[in-house]
Visitor: 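This structure is in structure tokens; I'll ask about it shortly.
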Amino acid sequence: MSLPRAYIMNILAELRSRFEPVLTEWTDDPSSVIEMLKASQDAKFGDYQANFAMPLAARIPELKPRDLATQIVEKVDLSDFCEPLEVAGPGFINIKLKQDWLNTQTQNLVADERLGVAAAEAPQKVVVDFSAPNVAKPMHVGHLRSTVIGDANYRVLKFLGHDVVGDNHIGDWGTQFGMIIFGYKHFLNEAAFEEAPVTELARLYRLVNQLSDYHATKNAIPKKEEDINQQAEKLQSLESSADLTDKKIQKQIKKLKADLGESQAELTSQQESLTELEANEDLHSKAIAFPEIARLAREETARLHSGDAENIELWERFLPQCLDAIQTVYDRLNIHFDMTLGESFYQPLLADVVADLKQKGLAKESQGAICVFMQGIEAPFIVQKQDGAFTYATTDLATIKYRVEELKADRVLYVVDSRQSEHFKLLFATVKEWGYSDLELQHVSFGTVLGKNKRPYKTRSGDTVGLESLLDESIESAYQIVSENDDAKPDGPELNDAERRQIAEVVGLGGIKYADLKHNRDSDYVFDLDKMLANKGDTATYMQYAYARVCGIFRKGQIDRSALRDHQAALTLVDESERALALQINRYSEILESVATEARPNYLTNYLFELSNLFSTFYNNCHVLKAEEEAVKTSRLLLCDLTARIVEHGLSLLGIGTCERM
RNA sequence: GCCCCCGUAGCUCAGUUGGAUAGAGCAACGCUUUCCUAAAGCGUAGGUCGCAGGUUCGAACCCUGCCGGGGGUACCA
């Protein structure tokens with residue numbers, strides 16, 4: 001029999017709700033300062049701390065912060081679960097949980113399948129828009145962040161009881177299809193297409209792209225040379241005539257020099273790429289045969305969009321194959337979408353969107369295009385181009401309309417590169433004016449994945465790194481580590497090859513995902529496979545190892561975990577390391593709440609790392625199976641069980657697996 | 001030109017919205033295995049939080065200026 005859920009308290013929420021009414025005596029809006037009650041940064045200040053006495057006292061001239069803190073403490077009654085409150089320093093209120101209460105509270109978690117995490121009282125309909133690759137191009141590292149961060153947010157929101165829809169807004173209608181269609185019509189290798197259609201389509205895309213780039217670069221070179229000459233002249237005249245002691249002039253010169261150097265480097269690399277292509281006879285002859293290839297490809301796109309029968313037929317033939325190809329990547333990563341409504345799905349709705357915007361006076365003609373202008377933003381939001389074609393802005397608006405009217409969304413998360421923040425600023429502003437003011441829109445932006453050279457992650461030849469080969473490499477490298485470690489075990493290896501392979505898969509994929517998720521999503525981060533799989537430090541492996549160690553204890557002790565839970569034995573925290581571990585276990589729900597509101601999975605990775613860390617200390621200090629007394633042993637087993645369940649569950653919310661042995 | 005982001009230990013990064021002596025991992029140095037997996041634990045060392053002002057009881061965080069890096073900027077998505 002499980003205990004009623006009411007026995008399990010979200011400690012932070014409870015503390016805040018006890019303090020909040022008391023604060024009304026000093027402020028009209030206690031909710032604005034209540035968030036200053038939080039977990040202590042240092043265990044010596046107790047378990048939780050409240051810092052709001054200082055700012056509140058600052059508003060009242062004759063009141064000292066310390067005195068105010070004392071007054072607050074006198075009015076709040078927490079005696080049922082906390083030690084007497086302490087006022088420290090300039091007015092901090094330190095809160096420490098009663099030992100007996102923490103014992104019972106932790107014990108109650110054992111019987112709770114949700115590990116103390118209550119389902120949302122007011123569930124929202126949330127659309128998480130993530131991954132969104134261009135289907136005709138092979139996936140690369142750049143797609144990893146959106147996919148992995150989006151998936152983690154999706155899982156967390158869902159666990160918290162929200163009605164979540166994962167939508168893969170794929171690029172299935174853009175210019176890349178024009179390129180493929182053009183390639184198919186002119187350069188197809190039929191045998192290759194029969195053999196592996198997607199590989200051949202990817203080759204055609206690359207080929208057409210390469211040839212268009214060649215001409216674009218070639219045409220741009222004279223202008224580039226002219227620019228360089230102008231820059232050089234300007235620099236010279238500045239250096240010879242102007243006042244060199246003027247700081248502004250100095251700065252200008254410096255900047256000009258830097259620009260000039262950059263332009264020259266660019267020119268050189270462009271010339272090199274031209275020479276490289278020309279050295280390949282086959283490519284060069286194709287380039288000569290189709291000087292207008294970029295325009296021709298665009299025309300194929302235009303024909304597709306205007307309903308040309310042949311191009312539609314090709315598109316309908318290619319699309320399922322492209323979808324299958326990306327699906328194999330999602331299967332490997334264990335990523336699931338509830339719907340995949342790409343750009344093409346919204347095409348029939350676009351004309352109405354523009355008409356509606358015009359009718360409401362939001363959109364108007366400017367330089368031949370139909371634009372929405374938002375106050376305070378210089379750039380226009382172009383919903384229809386000069387040539388009559390719609391843009392991704394139009395598609396995004398239609399998508400929102402659909403999500404509100406058909407899916408009944410309350411909130412939409414866009415897990416998209418930070419470089420598109422200006423687009424989303426315009427999009428959200430427009431949407432508000434357009435009439436969907438209740439909808440909560442959030443650009444879950446993230447930084448660029450860099451190589452060790454701090455430039456965007458590319459191969460030496462400048463290509464993006466294919467995602468699949470990266471996964472292979474990671475798993476293979478994990479296999480080496482798993483094997484080495486198993487071979488080094490004191491009592492000899494424990495794993496057969498199939499087990500090693502299976503563990504390598506979990507460790508290899510987990511390492512890549514964890515590395516991405518542990519960083520604050522806003523910042524760029526350096527992609528370093530060796531660090532991701534390192535057999536030490538803050539990696540997925542560390543948490544997976546903690547989990548495997550618990551499993552080892554239960555295996556060695558021949559303990560049946562579900563029987564242990566049903567037994568309702570007493571949990572008593574004795575050692576300091578046990579108490580610290582238990583406190584962290586009790587904080588799981590707090591952390592998930594903060595992940596959900598800010599869409600920041602790194603709060604969870606950080607929490608799990610700390611949890612595993614506390615477990616390792618406990619594991620070292622407190623022997624479980626050889627505990628002095630039976631009651632202590634049982635109590636510690638309960639603690640192990642809870643730790644393992646949260647590690648496993650937390651990692652699963654990040655899309656990362658665990659193994660019983662490793 | 002205009003707009004946005006970043007600058008924290010040798011390296012890679014946290015820092016929960018203004019709180020107590022700025023943290024972690026890696027690398028370095030020292031210690032711990034008759035005992036549940038040492039993929040671990042414990043400890044030492046390492047900092048002018050880019051620089052200079054300002055706001056206040058208190059600033060890595062807010063404001064101003066400067067230095068350095070990245071990104072975006074009218075018809076690609």
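So you know, we letter chains A, B, ... as the sequences are listed, proteins then strands, and number each from 1.
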Visitor: For the pair A:W173 and A:H305, name the ring-plane relationship: parallel under 30°, tilted 30 to 60°, perpendicular over 60°.
Guide: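 It falls in the parallel class, under 30°.
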Visitor: May A:H519 be described as stacking on the base of B:C13, applying a 5.5 Å centroid limit and a 30° limit on plane angle?
Guide: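 It does not: the ring fails the test against the base of B:C13.
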Visitor: In the strands shown, is B:U73 matched to any nucleotide by a Watson-Crick or G-U wobble pair with both distances under 3.5 Å, and which?
Guide: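 B:U73 is paired with B:G1.
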Visitor: Donor-acceptor pair under 3.5 Å: do we get one between A:E610's side chain and the base of B:A24?
Guide: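 Looking at the base of B:A24, it does not pair with any donor or acceptor on the side chain of A:E610 (distance under 3.5 Å).
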Visitor: Could you check which nucleotide pairs with B:G30 in any of the strands shown, counting Watson-Crick or G-U wobble with both distances under 3.5 Å?
Guide: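 Pairing partner, where one exists within any strand: B:C42.
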Visitor: Please classify B:U33 as syn or anti, treating any glycosidic angle within 90° of 0 as syn.
Guide: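 B:U33: syn.
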Visitor: Given the structure, check if the side chain of A:T617 and the base of B:A40 hold any donor-acceptor pair shorter than 3.5 Å.
Guide: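 It does not, because no donor-acceptor pair links the side chain of A:T617 to the base of B:A40 below 3.5 Å.
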Visitor: By nearest atom, which of the nucleotides B:G15, B:G25, B:U73 is closest to the A:E422 side chain?
Guide: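 The answer is B:U73, which lies nearest to the side chain.
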Visitor: Tell me what A:F554 touches on the nucleic acid: a base, only sugar-phosphate, or nothing, going by heavy atoms under 4.0 Å.
Guide: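 Result for A:F554 = nothing.
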Visitor: Taking the six-membered ring for Trp and the single ring otherwise, decide whether the centroids of A:F424 and A:Y414 are under 6.0 Å apart.
Guide: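 So the answer is yes for these two rings.
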Visitor: What is the nucleic acid contact for A:T175, judged by heavy atoms within less than 4.0 Å: base, sugar-phosphate only, or nothing?
Guide: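 Sugar-phosphate only.
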Visitor: Who does B:G19 pair with, Watson-Crick or G-U, both distances under 3.5 Å?
Guide: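 Looking at the geometry, B:G19 pairs with B:C57.
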Visitor: Return yes if the base of B:A77 and the side-chain atoms of A:Y392 contain a donor-acceptor N/O pair under 3.5 Å, otherwise no.
Guide: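 Looking at the base of B:A77, it does pair with a donor or acceptor on the side chain of A:Y392 (distance under 3.5 Å).
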Visitor: Find out whether A:P493 and A:D487 are in side-chain contact, i.e. whether some heavy atom of one side chain is under 4.5 Å from a heavy atom of the other.
Guide: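 Side chain of A:P493 against side chain of A:D487, heavy atoms only: contact under 4.5 Å found.
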Visitor: Provide the Watson-Crick or G-U wobble partner of B:C51, both distances under 3.5 Å; none if there is no partner.
Guide: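 Check on B:C51: paired to B:G65, both distances under 3.5 Å.
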Visitor: Within the 4.0 Å heavy-atom criterion, would you say A:T541 contacts the bases, only the backbone, or no part of the nucleic acid?
Guide: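 Counting heavy atoms under 4.0 Å across all strands, the contact made by A:T541 includes a base.
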Visitor: Determine whether A:E365 and A:K358 make a side-chain contact, defined as any pair of heavy atoms from C-beta on separated by less than 4.5 Å.
Guide: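 In short, these two side chains do not touch, never coming nearer than 4.5 Å.
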Visitor: Using a heavy-atom cut-off of 4.0 Å across all strands, would you classify A:E494 as base, sugar-phosphate, or nothing?
Guide: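 Answer is nothing: A:E494 stays at 4.0 Å or more from every strand.
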Visitor: Would you measure the distance from the C1' atom in B:C26 across to the matching atom in B:A14 and give it in whole Å?
Guide: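 Result for the C1' pair: 14 Å, nearest Å.
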Visitor: A:T391 side chain: which of B:A77, B:A39, B:A20 is closest?
Guide: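 The listed nucleotide nearest to A:T391's side chain is B:A77.
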Visitor: Looking at the side chain of A:N602, which of B:G71, B:C36, B:G15 is the nearest nucleotide?
Guide: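 Of the options given, the side chain of A:N602 lies nearest B:G15.
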Visitor: Can you tell me the distance, in whole Å, between the CG atom of A:N620 and the C1' atom of B:U32?
Guide: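 Computing the A:N620:CG to B:U32:C1' distance gives 9 Å.
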Visitor: Any donor-acceptor pair, under 3.5 Å, between the side chain of A:N485 and the base of B:A39, if you only look at N and O atoms?
Guide: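 Indeed, a donor on one side and an acceptor on the other fall under 3.5 Å apart.
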Visitor: Contact class for A:A369 vs. all strands (heavy atom < 4.0 Å): base, sugar-phosphate, or nothing?
Guide: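 The answer is base, as A:A369 lies within the cut-off (heavy atoms under 4.0 Å) of a base atom.
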Visitor: Mind telling me if B:U16 is syn or anti? Syn here is a glycosidic angle within 90° of 0.
Guide: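 Base orientation: anti.
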Visitor: Considering only heavy atoms and no angle criterion, is a donor-acceptor pair shorter than 3.5 Å present between the side chain of A:N94 and the base of B:A20?
Guide: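 Such a pair is found, so the answer is yes.
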Visitor: Between B:U21, B:G19, B:A14, spot the one nearest the side chain of A:S523, thanks.
Guide: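 Looking only at heavy atoms from C-beta outward on A:S523, the closest nucleotide is B:A14.
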Visitor: Determine the contact category for A:D528: base if any of its heavy atoms lies under 4.0 Å from a base atom, sugar-phosphate if only primed atoms, P, OP1 or OP2 are that close, otherwise nothing.
Guide: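 Nothing, no nucleic acid heavy atom in range.
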Visitor: State which of B:G25, B:G19, B:C13 makes the closest approach to the side chain of A:V526.
Guide: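 Nearest listed nucleotide: B:C13.
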Visitor: Determine the contact category for A:D522: base if any of its heavy atoms lies under 4.0 Å from a base atom, sugar-phosphate if only primed atoms, P, OP1 or OP2 are that close, otherwise nothing.
Guide: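 Touches nothing.
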Visitor: Give one of base, sugar-phosphate or nothing for A:N621, where a contact means two heavy atoms less than 4.0 Å apart.
Guide: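 If one applies the 4.0 Å heavy-atom cut-off, A:N621 turns out to touch nothing in the nucleic acid.
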Visitor: What integer distance in Å separates A:Y607:OH from B:A24:P?
Guide: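 Value for this atom pair: 19 Å.
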Visitor: Would A:Y619 count as stacking on B:A40 if stacking means ring centres less than 5.5 angstrom apart and planes tilted under 30 degrees?
Guide: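 Aromatic stack with B:A40 absent for A:Y619.
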Visitor: Side chain of A:Y525 only, heavy atoms from C-beta on: which candidate in B:A74, B:G15, B:C13 is closest?
Guide: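 Among the listed nucleotides, the one closest to the side chain of A:Y525 is B:C13.
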Visitor: Does B:U37 pair with anything, Watson-Crick or G-U wobble, both distances under 3.5 Å, and if so, with which nucleotide?
Guide: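 Its partner is none (no Watson-Crick or G-U wobble pair with both distances under 3.5 Å).
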Visitor: Have a look at A:Q176 and say if it touches a base, only the backbone sugar-phosphate, or nothing, with a 4.0 Å heavy-atom cut-off.
Guide: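 No contact at all - A:Q176 keeps every heavy atom at 4.0 Å or more from the nucleic acid.
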Visitor: Of all the nucleotides listed (B:C35, B:U17, B:G15), which has the minimum atom distance to the side chain of A:H623?
Guide: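 Of the options given, the side chain of A:H623 lies nearest B:C35.
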Visitor: With respect to the side chain of A:P55, which nucleotide from B:C13, B:A20, B:G19 is positioned closest?
Guide: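 Closest nucleotide to the A:P55 side chain: B:G19.
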Visitor: Contact class for A:Y542 vs. all strands (heavy atom < 4.0 Å): base, sugar-phosphate, or nothing?
Guide: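 It contacts sugar-phosphate atoms only.
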Visitor: Taking pairing as Watson-Crick or G-U wobble with both contacts under 3.5 Å, can you name the mate of B:A24, or confirm there isn't one?
Guide: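 Pair assignment: B:A24 / B:U12.
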Visitor: May I ask you to check if A:R549 and A:Y619 form a cation-pi contact, with NZ or CZ under 6.0 angstrom from the six-membered ring centre and within 45° of the axis?
Guide: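 Yes, a cation-pi geometry.
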Visitor: Which of these nucleotides, B:A14, B:C11, B:A74, is closest to any side-chain atom of A:K531?
Guide: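 Among the listed nucleotides, the one closest to the side chain of A:K531 is B:C11.
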Visitor: Take atom CG of A:N613 and atom P of B:A40, then tell me their distance rounded to the nearest Å.
Guide: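 To the nearest whole Å, that distance equals 10 Å.
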Visitor: Should we count CD of A:E576 as having more than 12 external heavy atoms under 6.0 Å?
Guide: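 Incorrect, the count does not exceed 12.
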Visitor: Taking any heavy-atom pair under 4.0 Å as a contact, classify A:A488: base, sugar-phosphate, or nothing.
Guide: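 No contact.
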Visitor: Contact class for A:C622 (heavy atom, under 4.0 Å): base, sugar-phosphate, or nothing?
Guide: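 It contacts base atoms.
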Visitor: Compare all side-chain heavy atoms of A:T541 with those of A:N535 and state whether any distance is below 4.5 angstrom.
Guide: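 Result no, sub-4.5 Å side-chain heavy-atom pair not found.
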Visitor: Looking for any heavy atom pair under 4.0 Å, which part of the strands does A:G552 touch: base, sugar-phosphate only, or nothing?
Guide: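 Sugar-phosphate contact only - A:G552 comes under 4.0 Å of backbone atoms but never of a base.
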Visitor: For A:C640, report the nucleic acid contact type (base, sugar-phosphate, nothing); a contact means any heavy atom under 4.0 Å.
Guide: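 Counting heavy atoms under 4.0 Å across all strands, no contact is made by A:C640.
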Visitor: Between the base of B:G19 and the ring of A:F92 - centre-to-centre under 5.5 Å, planes within under 30° - is that a stack?
Guide: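 Per 5.5 Å and 30° rule: no stacking.
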Visitor: Between A:Y392 and A:H423, does the ring centroid distance fall short of 6.0 Å?
Guide: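 They qualify: ring centres under 6.0 Å apart.
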Visitor: Taking the side chain as every heavy atom from C-beta outward, state whether A:R587 and A:L611 have any pair of such atoms under 4.5 Å apart.
Guide: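 The answer is no, as the side chains (C-beta and beyond) never meet within the 4.5 Å cut-off.
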